[in-house]
Amino acid sequence: MAPSVFQSKRLKGQAAVEFVFSVGIFLIIFVFLIKLGQFGLSRQEALSLACFGTSLQSCNLLDEEIMGSQIALFRKELKIYGNNPGGIETGRFTGVPGSSFYQLVKTSVGYGISPGLKGVECVVEQKAPLED
Amino acid sequence: MKEEFRSTEGSLFVPLMLVSLAIFSLALWLVDLANISYLRSKLGSISDCVLLSSLRLRAEGLQTVATRWSQVEPLIISGDSNGIQINPEITAWDELKSKLEELKKAIPGYKGRITAVRTLVAKANGIDPPKVSITDGSAFNLGLVNEKQKVWDGTGKEEVLPFVWLSRSWAKGEKLGSPLERSEVESGASFRSVGLWWEGGAPRFWDVKAGSAGGLIWDVPGDEDWVRETGNGGFPRNWDEALLGGAVKPNRFALYWAELRN
């Protein structure tokens with residue numbers, strides 16, 4: 001039996017509500033995925049930058065000023081997502097017992113897309129000896 | 001009469017929820033894949049750091065041994081195929097023996113640091129040291145062998161000392177041999193799946209591994225004449241190569257560089 005005019009309008013209204021509700025959920029999932037992707041990408045790029053910074057330091061060939069400019073250039077090239085909450089720190093690493101007996105150098109790079117979703121990538125390596 | 005509320009146009013809610021659920025599941029699967037990719041990069045960089053750190057300490061050890069041995073050179077007058085003639089001063093014997101003894105005692109320390117730094121770098125990079133395995137440790141050996149030699153002072157006093165110089169154990173077939181042994185390091189870690197994969201009533205763990213390989217090279221321009229004429233790979237293979245124009249110069253250009261060879 002075909003629905004009456006009243007029933008038809010009611011069903012259309014219900015469909016519109018369902019549509020808006022479903023699209024809302026769909027959009028939430030979509031935004032969540034985009035943010036998750038950006039977070040993952042920022043973590044991966046922070047790792048690349050930390051590796052780059054540490055390898056520059058550990059080769060023991062460049063002075064600090066040149067290293068700083070190279071790291072800044074690489075960071076610009078990577079276009080790290082987010083606000084880089086931890087910044088970039090380079091220098092000697094002494095955070096593990098016994099590490100002061102060695103010349104360990106580190107680069108830590110903060111990453112994240114919001115204050116609640118952030119982290120730090122840190123890469124540590126032994127510095128090369130001086131050749132002379 | 002009973003009212004019928006069945007839509008002839010169909011409900012949107014159920015299919016859209018199914019699509020959303022499918023996309024969400026796909027997202028969880030992608031998160032797992034992204035985590036695997038990230039962890040592989042991270043473990044690869046940890047393997048590189050552990051390997052290079054260990055090799056750099058080997059290079060430093062070799063360079064330091066060569067520098068320390070050069071401290072006995074002022075006591076030596078000359079050398080030939082029979083051995084070493086030292087300064088006839090009475091203190092020269094004691095000084096020579098004391099410096100060589102100190103060097104001999106220091107060598108195990110250089111060997112130990114090559115191993116110890118691997119544990120330290122693994123910890124510093126946030127990985128449990130047993131998760132870093134050495135699949136080939138050839139390039140992590142210091143590669144030096146203690147050698148005895150006859151020493152005399154020109155007054156008739158002579159003695160065979162048990163440790164006088166160090167020969168190299170690498171590239172025995174080449175005078176200009178570079179320490180080309182290759183070492184391999186592999187780091188492993190596991191992480192819990194965020195959603196779709198379950199095993200035994202719990203989310204499954206993904207095991208990820210990534211390795212790195214590398215070694216040392218003798219850091220001199222091998223095509224230069226002065227290297228071909230006077231070089232010996234930094235350390236000699238035999239006593240003849242420790243001599244240079246009547247002088248005892250066993251460690252010539254003992255400079256090494258660590259490199260990745262993936």
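The basis for the numbers below is simple: all heavy atoms, side chains too, and nothing from hydrogens, waters or symmetry mates. Naming: A, B, ... by sequence-line order, numbering from 1 per chain.
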Cut-off 4.5 Å, heavy atoms of chain B, and the answer for A:Phe30 is neither

Would you find a donor on one side and an acceptor on the other, under 3.5 Å apart, between the side chain of A:Arg92 and the backbone of A:Ser100? yes

Using a strict threshold of under 4.0 Å (side-chain N to carboxylate O), is an ion pair present between B:Glu181 and B:Arg58? yes

Close side-chain approach of A:Ile88 and A:Ser108, heavy atoms under 4.5 Å: no

Taking B:Arg261 for the side chain and B:Leu216 for the main chain, is one N or O donor matched with an acceptor at less than 3.5 Å? yes

Going by heavy atoms in the side chains, are A:Gln57 and A:Lys106 under 4.5 Å from each other? no

Proximity breakdown for A:Ser48 and chain B, heavy-atom pairs closer than 4.5 Å: neither

If you define the side chain from C-beta out and look only at heavy atoms, does anything of B:Ile217 sit under 4.5 Å from B:Tyr256? no

Measuring heavy-atom distances to chain B, does A:Cys122 have an atom under 4.5 Å in its side chain, in its backbone, in both, or in neither? backbone

Residues of residues 47-55 of chain B near chain A, each having a heavy atom less than 4.5 Å away: B:Cys49, B:Leu52, B:Ser53

Evaluation steps, salt bridge (Lys or Arg N to Asp or Glu O under 4.0 Å), between A:Arg75 and A:Glu77: CA-CA 5 Å; A:Arg75 179 170 187 262; A:Glu77 205 167 280; over 6 Å; no

Go through B:Leu57, B:Val19, B:Leu30, B:Thr64 and name the one with the most non-hydrogen pairs under 4.5 angstrom from chain A. B:Leu57

Using 30° and 60° as the class boundaries, would you call the ring planes of B:Trp226 and B:Phe253 parallel, tilted or perpendicular? perpendicular

Near-ring test B:Trp218/B:Phe235, centroid separation under 6.0 angstrom: no

Structural part of B:Ser37 lying under 4.5 Å from a heavy atom of chain A: both

So, do A:Tyr102 and A:Phe93 have ring centers that fall under 6.0 Å from each other? no

Top residue by heavy-atom pair count (under 4.5 Å) with chain B, among A:Pro97, A:Gly40, A:Ser99, A:Ala50? A:Ser99

Salt bridge check, A:Glu45 against A:Arg43: does any charged N sit closer than 4.0 Å to a carboxylate O? no

Quick check on the structure: residues of residues 113-132 of chain B within a heavy-atom distance below 4.5 Å of chain A, by number. B:Arg113, B:Ala116, B:Val117, B:Leu120, B:Val121, B:Lys123, B:Ala124, B:Asn125

Side-chain (A:Thr54) to main-chain (A:Cys51) donor-acceptor, under 3.5 angstrom: no

